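Predicted, not measured: the structure shown is a model, and the values here were computed from it.
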Amino acid sequence: MKGTRMKSVLTPFLLAFLATAAAAETTHIDLGKLPSKQVHDVAQLTPLVIDADGAPAVVLLDLDKGVEVPPHATKSGVRLLTVLQGDMSWGDGTIADPEKERIYPQGSVLTIPAGENHWLAARSGPVRIQLIVLDDETPVPGIQEQMK
């Protein structure tokens, strides 16, 4: 009797869930319809996800060829950066020095510690990166070991 009652209670919830899941579809996001703003006077920042306080948690950052983002640091959490397009020139420190920068090609994944100064540039062509702020999240142990 108890098992039958449980089934009758769960069945409407299960049917509602399945109906919702069946109606859901993948959505292609038209980035051109999203608001963006200029940052560091040279790059375009497009928020994709915001946190509970309304701060960007996942963003795209676009740089045109020849653009250099000056040295800066971020205050909140570790950043997980993925180069989506182009060859990104990167350097750590408070002075942009092209002789000390490294080139990260499309597909590269980096971590940026909170509070650490860095700069980036698009020297050979346009660059698009995706940045994810990890405020409360923790990178997996394999990433943590590489961050040491």
Going by heavy atoms in the side chains, are L131 and T74 under 4.5 Å from each other? no

Would you mind reporting whether L60 and L48 have side-chain heavy atoms less than 4.5 Å apart? yes

Of all heavy-atom pairs between P35 and P47, which one has the smallest distance, and what is that distance? O-CD, 3.6 Å

Under 3.5 Å side-chain donor-acceptor pair for Q130 and T82: no

Exactly one of R102, H118, M88, R79 clears side-chain contact (heavy atoms from CB on, under 4.5 Å) with L110, and that residue is M88

If we only count heavy atoms from C-beta on, is the V58 to V133 side-chain gap below 4.5 Å? no

Close side-chain approach of K37 and V39, heavy atoms under 4.5 Å: yes

Mark yes or no for whether D51, through its side chain, and D53, through its backbone, hold a donor-acceptor pair below 3.5 Å. yes

Nearest non-hydrogen partners of W90 and I112, listed with the distance: CH2-CD1, 3.5 Å

Answer yes or no: is there a donor N or O on one side and an acceptor on the other, between the side chain of Q85 and the main chain of R128, under 3.5 Å? no

Could you go step by step and tell me if I129 and L120 meet the side chain to side chain contact (heavy atoms under 4.5 Å, CB included) rule? CA-CA 11 Å; I129 60 175; L120 61 145; 4.0 Å; yes

Between the side chain of H72 and the main-chain N/O of P70, is any donor-acceptor distance below 3.5 Å? yes

So, for P105 and V83, which heavy atoms are closest and what is the spacing to 0.1 Å? O-CB, 3.6 Å

Which heavy atom of K65 sits nearest a heavy atom of S124, and at what distance? CE-O, 3.9 Å

